[in-house]
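What follows is a single structure, written as structure tokens, with notes after it.
Side chains are part of it too, since the values below use all heavy atoms of this structure and drop only hydrogens, waters and symmetry mates.
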Amino acid sequence: MVSSVNRPGLAALAFGLLLGLSPVPVSGQDGAADIRKQEAEAHFQHGLRMVGLRNNDRAIELFQYAIALDPDHAGAHFYVGLAYIQRGYTSLRRADHHLSRAIAIDGANPRQYHWRGIARLRLGDYPAATADFEVVLRETPDSATTLRALGAALLRMGAPGPAAAALRQAVDLEPELLEPRWNLMVAAERAGDGPDSLPERYRLDIPDRGAASPFRFEEVSAGIGIERWSRARGSGWADLDGDGDLDLVALGIRDPHALYRNRLVEEGDASFVSSALDAGLFDPQGGWSALFFDYDRDGDPDLYVTRDGWDGDDRNSLYRNDGGRHVDVAAAAGVASPADGFTAAVTDVNRDGLLDLYVANGVATRGGAPNELFLGAPEGRFVERGEAMGVADHGRSVGSAFGDYDGDGWPDLLVVNFFDRPVLYRNLEGAGFEDVSARAGIAAPHEGFVGFFFDYDNDGWLDIFIVGFASDMEVALQSRLEGRAVHEGSRLALYRNDRDGAFTDVTSKAGLSWNLGAMAATFGDYDNDGWPDIFIGVGAPPMERFEANRLFRNLGDGTFADVSVSAGVDDLGKGHGATFADFDHDGDLDLFVPIGGAFPGDRQRSRFYRNPASQLPHPNGWLHILLRATSLHPDAVGAQVLVRASDAPGAPVQLQEVAVGGGFGVTPSPILEFGLGRHQTVAEVTIRWPGGGHRVLRNIPANQRILVVENEPGYQVLR
């Protein structure tokens, strides 16, 4: 892009080329004597220079000055509309207004209709967007960019036949591009014809449709009371009402929080009732991460919500649970950070009995805002100590997770940065953290999103998984075609713990070398075979992008297989803060996937997948363990449980840690859920409590939910 402040015409041309359009002729170049118009033109030209320097905010100010001086300046209306589109989803209505004004003043340039159509597509006004795209195509029928956008609009309107017709033309014009052909195959499948019905030149030869899953999930959202359309973000599980079953919170961008109370124990019905209003959680500000933890140690879970993400500055919320009613006390507690927080994670970093909160900031801030570590203090307050503790990362962070990877009893921290390498911080026994990324061998991806700790190979040590974000669908599709990652910066990354402070990158060996538009990831043993599996939510923002969510089954030999299609979870909607939990107490893990994109027009219906594994003729065994600590905080956050199903020499062990956060800043089930394969008895369970104490239980029958309380003998069987 030309950015010289002395060449405004070329700067405008470069901006136009960047956005795929021809510059609109600027007004005021005929030497008109009107002073106001001359001043308007000066501001306009200055705005173009700012566009050339990619300073859209300053450009918007200057274009607005020009419009104030000359309300009929078509060029200023046009370019400020484009700048508002570039700013993102918060300014789309302003973009629509100014582009409409430019068209009213001078509608000769069809590209004005194209970009108004893009704004309206993102706003969800698909018919109006379609009408605008058709205006463009009447004037310039060979506009491949507009044909692709029209195809996306028609697909979202539920008109796959006309969408396929537009996309065929787009493929004919740009046969080298993969995404139009992929979307054409999607349209053909939705029209009931199937991709194979297309002529060969219109198809992508996807190598295979993945491996076989032992069973297929059942999508039951409507049947169990979860009918949520939103720009979905995080989710979290907790027993909010103390009745013994797990309730669910779901968040979205500028969508009111949703609370679904589980009616299983009270009414014997494995379904949910919407209760956000009654609980005081119907907050229209929306949110991104959802963390349940008992910050005030009064016996019920409170909720922390990050609110900003890509949306810029807005204060986070901490909702104190007062007997089922929630009150936002973030300001009084000292955690109403105004930075652009994305994910967050909770643990007790200094083992003082007060839970601490880490918030990943800066993704929407030029240069990055420092991440924050709020240490728990007496009387329900927190004190920010990120810089003092050595974890005020400035890498424009998205992901964060705690886990004790070196087994020393102190929780360590993983930070995933969107524009820089991930960072692994080792806990120095509560005194602070040190960056050990280089020594540990954690270097990829450089365009990361989220990550978590888990023991994928059942050796009793926490490994690390990080998803990269492939912003270009062409990269994701090329990866799919080649069966491997084709771009190093945005690939997935699996790191095996070498048990000596270092990790080995085993991504390719594990069969996880892919580029995806990944925004969320979580893990759980969905088939109860004793090996943790990985679910990835794919949620890239463009309205033209249709990419499947992915489920990778752990085969127990160090490798994973893509079973998304056969498991029935390969939805093309945009998956975000997904979580596993056994909501119906039948021993298998169900999956909640919040579905919805970044733009207002990308509100979609979330999916709840019921797991039918317990209904199989010979289901695998399982053991679910709920911990209650007495020496520190009752949530037992950071406790580790090691399960040994067999005493046979060399038998695998499973390690899980009680975690709040990780992935898309979610709260997974607070109950540790272990699959046992064919074992019907657990030989040994070893618990390491957050304060350092240990407990060993032996010969526990399988297929039950148990409660283990620190400093109390034995265990209690739960309903």
Side-chain angles (χ1 to χ4, degrees), residues 343 345 347 349 358 360 371 391 393 395 397-408 410-418 420-427 433-469 485 488-514 516 518-525 531-536 552 554 558-560 638 640 654-666 668:
T343 70
T347 195
V349 300
Y358 187 78
N371 296 347
V391 291
D393 194 283
S397 305
V398 172
S400 57
F402 285 109
D404 181 11
Y405 77 88
D406 54 3
D408 66 354
W410 296 90
D412 309 299
L413 174 64
L414 172 70
V415 175
V416 182
N417 291 313
F418 192 69
D420 203 348
R421 64 178 177 82
V423 183
L424 180 63
Y425 292 102
R426 181 173 177 267
N427 192 329
F433 291 81
E434 63 171 332
D435 180 349
V436 296
S437 310
R439 185 163 76 244
I442 306 297
H446 288 275
E447 299 164 25
F449 221 81
V450 301
F452 52 73
F453 293 93
F454 76 140
D455 180 16
Y456 87 95
D457 54 357
N458 285 0
D459 67 349
W461 292 77
L462 291 179
D463 311 296
I464 292 174
F465 181 70
I466 303 172
V467 301
F469 175 69
E488 175 67 14
S490 62
R491 68 174 173 88
L492 307 181
L494 176 65
Y495 293 99
R496 187 190 65 218
N497 194 328
D498 294 336
R499 313 183 198 183
D500 60 0
F503 291 79
T504 297
D505 187 338
V506 295
T507 313
S508 294
K509 183 184 296 185
L512 292 171
S513 182
W514 298 96
L516 305 171
M519 285 196 175
T522 192
F523 69 94
D525 184 1
W531 299 89
D533 312 297
I534 298 172
F535 179 84
I536 296 178
F552 292 97
N554 191 333
T559 67
F560 291 79
Q640 290 191 342
Q654 298 182 54
L655 175 68
Q656 290 192 38
E657 185 169 299
V658 179
V660 178
F664 198 90
V666 300

Distance-only side-chain donor-acceptor flag, Thr507 / Ser513, under 3.5 Å
no
Strictly distance-based, threshold 3.5 Å: is any side-chain N or O of Asp498 a donor or acceptor partner for the main-chain N or O of Asp500?
no
Parallel, tilted or perpendicular, judged at 30° and 60°: which one describes the rings of Phe552 and Trp514?
tilted
Find out whether Leu492 and Ile534 are in side-chain contact, i.e. whether some heavy atom of one side chain is under 4.5 Å from a heavy atom of the other.
no
Return the orientation label for the Phe452 and Phe465 ring planes: parallel under 30°, perpendicular over 60°, tilted otherwise.
tilted
Are any of the side-chain heavy atoms of Tyr358 and Asp393 separated by less than 4.5 Å?
yes
Centres of the Phe535 and Phe523 rings: under 6.0 Å?
no
Is there side-chain contact between Val415 and Val391, with heavy atoms separated by less than 4.5 Å?
no
Short side-chain to backbone donor-acceptor contact, Asn458 and Gln654, under 3.5 Å
no
Report yes or no: does Asn497 contribute a side-chain atom to a donor-acceptor pair with the main-chain N or O of Trp461 at less than 3.5 Å?
no
Given 3.5 Å as the limit, does a donor-acceptor pair link the side chain of Asp463 with the main chain of Leu494, or not?
no
Check salt bridge (charged side-chain N to carboxylate O under 4.0 Å, His left out) between Asp505 and all other residues, then give those that pass, not counting sequence neighbours.
Arg491
Over all heavy atoms of both residues, which pair between Val450 and Val398 is shortest? Give the atoms and the distance, please.
CG1-CG1, 4.1 Å
Nearest non-hydrogen partners of Thr343 and Gly663, listed with the distance
CG2-O, 3.9 Å
Exactly one candidate in Leu414, Asp412, Val349, Asp435 meets side-chain contact (heavy atoms from CB on, under 4.5 Å) with Tyr425; the answer is Asp435
Going by the angle between their ring planes, with limits at 30° and 60°, are Phe402 and Phe433 parallel, tilted or perpendicular?
tilted
Which distance, rounded to the nearest 0.5 Å, do you find between the CG of Leu462 and the CD of Gln640?
5.5 Å
Any idea which heavy atoms bring Leu655 and Gly460 closest together, and the distance?
CD2-O, 3.3 Å
For the side chain of Asn554 and the backbone of Pro532, is there at least one donor-acceptor N/O pair under 3.5 Å apart?
yes
Quick one: CG on Asp455 to CZ on Arg496, what's the gap to the nearest 0.5 Å?
12.0 Å
Nearest non-hydrogen partners of Tyr405 and Val436, listed with the distance:
OH-CG2, 3.6 Å
Specify the closest pair of heavy atoms between Tyr495 and Ala493, including all atoms of both residues, with the distance to one decimal.
CE1-CB, 3.7 Å
Check against side chain to side chain contact (heavy atoms under 4.5 Å, CB included), Leu424 and Ile464:
CA-CA 10 Å; Leu424 180 63; Ile464 292 174; 4.1 Å; yes
Roughly how far apart are Ile466 CD1 and Arg421 CZ, rounded to 0.5 Å?
11.0 Å
Pairwise salt bridge (charged side-chain N to carboxylate O under 4.0 Å, His left out) hits with a residue in residues 397-408, at least two apart:
Asp404-Arg688, Asp406-Arg426, Asp408-Arg426
For Pro445 against Gly489, the heavy-atom pair lying closest together
CB-O, 3.1 Å
